[in-house]
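Read the numbers this way: they start at 1 and go in the same order the structure lists the ligands and their atoms. Values reported hereafter were calculated over all heavy atoms of this structure, with side chains retained and with hydrogens, waters and symmetry mates removed. What you see is a predicted model, and the numbers here were worked out from it, not measured in a lab.
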Amino acid sequence: MEEIAIKSSKHFEFIDITREIQNVVRKNRVSEGICHLYVPHTTAAITINENADPAVKNDIISTFAKLIPWNGFYTHLEGNSAAHILSTIVGVSAVIPISRGELTLGRWQGIYFCEFDGPRIRRLIVSIMGE
Ligand code: ZN
C-alpha cells in the first residue's frame, strides 16, 4: 500500500494521475494482478475517462456544475453539499487490472483525481495486489 499526496489548485478540477500510478505499478514489479485506488475524502473522487482531448474533461466538469449547482437548495451547513453529492456520484475507488507489469488502460483512457472542493492537499491510497 502506498499513499500519494495530491495538491489541487482549483475549486473544481480533474487532475491526470495516470503517469504517477503507472510508476507505482512498475516500482512494485507485479506482473499480473490489480491496482486498487482509494480516495479517503468526502468531497473528492476518482474516475477513468479520455485524456487525449482535454475538451472531454472540461465538458464533464461543466456538465457536473449544471447538474449539481453549487448554490442549490441544500441543508448541510458547511455549504459544500454539491461537492459531497459529486463525490458520491463519481465514487471514491477504482480498480484497474495489471497485465505484463502494466495497467491495462484503454488507448484513450486516463486516471483522474476529481477535486470538487479545492484547492486542498488530498490523499490517494494505492494498493497493488498480484504476483
Ligand atoms: Zn461538507
Side-chain angles (χ1 to χ4, degrees):
M1 202 185 93
E2 186 161 325
E3 190 172 314
I4 292 175
I6 294 167
K7 194 174 180 293
S8 60
S9 57
K10 294 176 188 161
H11 186 221
F12 247 57
E13 185 177 17
F14 275 29
I15 301 166
D16 189 336
I17 54 168
T18 312
R19 204 163 278 180
E20 207 163 354
I21 305 304
Q22 290 274 22
N23 289 339
V24 175
V25 169
R26 286 177 191 147
K27 199 177 71 188
N28 276 269
R29 295 179 182 280
V30 164
S31 176
E32 304 292 318
I34 59 167
C35 172
H36 185 266
L37 305 172
Y38 183 72
V39 177
H41 298 286
T42 61
T43 55
I46 194 119
T47 196
I48 297 171
N49 213 306
E50 173 163 340
N51 68 351
D53 180 2
V56 173
K57 89 173 177 187
N58 294 335
D59 286 345
I60 294 170
I61 290 169
S62 63
T63 302
F64 276 167
K66 271 180 252 165
L67 290 173
I68 317 289
W70 190 261
N71 294 313
F73 179 75
Y74 310 112
T75 56
H76 176 45
L77 293 174
E78 199 189 0
N80 62 352
S81 276
H84 289 293
I85 293 164
L86 286 167
S87 173
T88 284
I89 289 174
V90 178
V92 293
S93 66
V95 180
I96 305 154
I98 298 167
S99 182
R100 295 176 187 168
E102 298 285 337
L103 293 171
T104 57
L105 288 169
R107 186 174 174 192
W108 308 110
Q109 285 183 317
I111 308 164
Y112 287 107
F113 183 93
C114 310
E115 175 61 81
F116 297 125
D117 194 13
R120 296 179 193 232
I121 293 174
R122 300 292 202 170
R123 296 160 60 209
L124 175 70
I125 314 287
V126 184
S127 302
I128 310 284
M129 287 152 277
E131 53 188 39

Decide yes or no on side-chain contact (heavy atoms from CB on, under 4.5 Å) for Glu115 and Lys10, but give the supporting numbers first.
CA-CA 8 Å; Glu115 175 61 81; Lys10 294 176 188 161; over 6 Å; no
How long is the straight-line distance from OH of Tyr38 back to CD1 of Ile46, given to the nearest 0.5 Å?
12.0 Å
How wide is the angle at the Zn ion (ligand 1) spanned by Asn80 OD1 and His76 NE2, rounded to 10 degrees?
90°
A side-chain contact here means heavy atoms from C-beta on lying under 4.5 Å apart; do Leu86 and Cys114 qualify?
no
Taking the side chain as every heavy atom from C-beta outward, state whether His11 and Trp70 have any pair of such atoms under 4.5 Å apart.
yes
Can you tell me which N/O/S atom of Glu78 has the shortest distance to the Zn ion (ligand 1)?
OE1
Has Asp117 got an N/O/S atom less than 2.8 Å from the Zn ion (ligand 1)?
no
